[in-house]
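Below: the structure, in structure tokens.
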Amino acid sequence: QVHLVESGGGLVQAGGSLRLSCAASGRTFNSYAMGWFRQASGKEREFVAAISWSGSSTSYADFVKGRFTISRDNAKNTVYLQMNSLKPEDTAVYYCATADGMYTIPAMYIYWGQGTQITVSS
């Protein structure tokens with residue numbers, strides 16, 4: 001069992017930056033790939049970024065490439081999402097999740113956090 005808690009969300013102006021954190025409990029954190037997803041109001045949950053268990057591989061959705069960076073610190077059982085050049089269309093609830101691979105499909109992820117709201121004002 002892995003328990004995930006996201007933090008770092010909030011309100012930011014367009015062009016600003018935020019860093020999300022996802023703290024995990026459980027001894028097997030560093031056995032899992034980690035992903036970030038987001039869900040805007042009235043829309044389906046979509047893939048944002050993923051990172052391998054070692055941190056050596058990353059994957060991004062096209063709409064965040066060059067703006068967002070995923071990283072992890074296995075010693076701290078934490079994964080991060082650095083978000084720069086934020087746009088109003090990035091407004092959503094952001095979730096972290098675990099999986100046995102770097103999938104882009106939400107159904108492939110096993111454990112989920114409760115989500116953190118990001119609101120980008122224009």
Side-chain angles (χ1 to χ4, degrees):
Q1 183 95 15
V2 178
H3 182 59
L4 304 173
V5 179
E6 301 96 337
S7 61
L11 174 65
V12 63
Q13 289 189 332
S17 298
L18 283 174
R19 188 175 82 154
L20 303 183
S21 298
C22 173
S25 62
R27 294 176 294 174
T28 59
F29 171 77
N30 60 4
S31 299
Y32 289 106
M34 298 294 297
W36 284 99
F37 290 78
R38 70 186 188 185
Q39 188 165 17
S41 180
K43 296 187 177 181
E44 294 188 350
R45 193 166 298 188
E46 62 181 355
F47 171 75
V48 174
I51 189 166
S52 63
W53 68 269
S54 67
S56 60
S57 297
T58 57
S59 175
Y60 296 94
D62 287 344
F63 55 78
V64 302
K65 282 182 180 177
R67 300 190 298 127
F68 292 9
T69 302
I70 188 171
S71 62
R72 69 189 294 163
D73 185 340
N74 286 342
K76 296 182 178 180
N77 280 9
T78 302
V79 63
Y80 305 98
L81 185 68
Q82 178 66 44
M83 305 184 294
N84 299 327
S85 302
L86 284 162
K87 305 174 182 179
E89 51 263 45
D90 293 320
T91 295
V93 178
Y94 283 71
Y95 300 88
C96 63
T98 64
D100 60 6
M102 294 170 54
Y103 308 111
T104 61
I105 302 172
M108 298 300 292
Y109 284 74
I110 307 165
Y111 300 107
W112 290 83
Q114 83 289 348
T116 186
Q117 175 71 47
I118 304 295
T119 302
V120 184
S121 63
S122 58

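Sequence positions, counted from 1, serve as the residue numbers for this chain. Note that this is a predicted model, so its numbers are computed, not measured.
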Spatial distance of atom OG1 (Thr98) from atom CH2 (Trp53) [nearest 0.5 Å]: 15.5 Å
Same cluster (ILVMFWY, side-chain, under 4.5 Å), Tyr103 and Ile51: no
Rounded distance [0.5 Å steps], CG in Leu81 versus OH in Tyr60: 7.5 Å
Ala92 to Ala40 - nearest heavy-atom pair and separation: CB-N, 3.7 Å
Inter-residue atom distance Met34.CE - Asn77.CG, 0.5 Å rounding: 9.5 Å
Output a table of donor-acceptor pairs, distance under 3.5 Å, between side-chain atoms of residues 14-23 and any protein atom two or more places apart or on a different chain; print 'none' if there are none.
| from | atom 1 | to | atom 2 | distance (Å) |
| --- | --- | --- | --- | --- |
| Ser17 | OG | Asn84 | OD1 | 2.9 |

Leu86 side chain near Phe68 side chain, heavy-atom distance below 4.5 Å: yes
Shortest non-hydrogen contact from Thr58 toward Met102: C-CE, 3.5 Å
Cluster link Phe47 to Ile70, ILVMFWY, side chain under 4.5 Å: no
Residue pair Val12, Met83: steps toward the side chain to side chain contact (heavy atoms under 4.5 Å, CB included) verdict: CA-CA 11 Å; Val12 63; Met83 305 184 294; over 6 Å; no
Over all atoms of both residues, closest heavy-atom pair of Arg72 and Tyr32: NH1-O, 2.8 Å
Salt-bridge criterion met for Asp62 and Lys65 (N-O under 4.0 Å): yes
Closest non-hydrogen atom pair, Ala24 against Val2: CB-CG1, 4.0 Å
Tyr109-Tyr95 aromatic ring centre distance below 6.0 Å: no
ILVMFWY network linking Trp36 to Val93, side-chain heavy atoms under 4.5 angstrom: no
Expected output: side-chain Ser56 to main-chain Ser54 donor-acceptor under 3.5 Å: no
Shared hydrophobic cluster for Val120 and Leu11 (ILVMFWY, side-chain gaps under 4.5 Å): no
Pairwise side-chain contact, Asp73 with Tyr80, heavy-atom cut-off 4.5 Å (strictly under): yes
Set of residues satisfying side-chain hydrogen bond (donor to acceptor under 3.5 Å, both in side chains) with respect to Tyr94, sequence neighbours excluded: Arg38
Rounded distance (nearest 0.5 Å) linking atom CG of Leu4 with atom CD of Gln114: 9.0 Å
Residue Ile105 excluded, over 12 heavy atoms near CD1 under 6.0 Å: no
Cys96 side, atom SG; Glu6 side, atom CD - distance, nearest 0.5 Å: 4.0 Å
Atom pair OG/NZ of Ser122 and Lys87 - distance to nearest 0.5 Å: 14.0 Å
Shortest non-hydrogen contact between Trp112 and Pro106, atoms and distance: CZ2-O, 3.4 Å
Minimum side-chain heavy-atom gap Gln117-Thr91 below 4.5 Å: yes
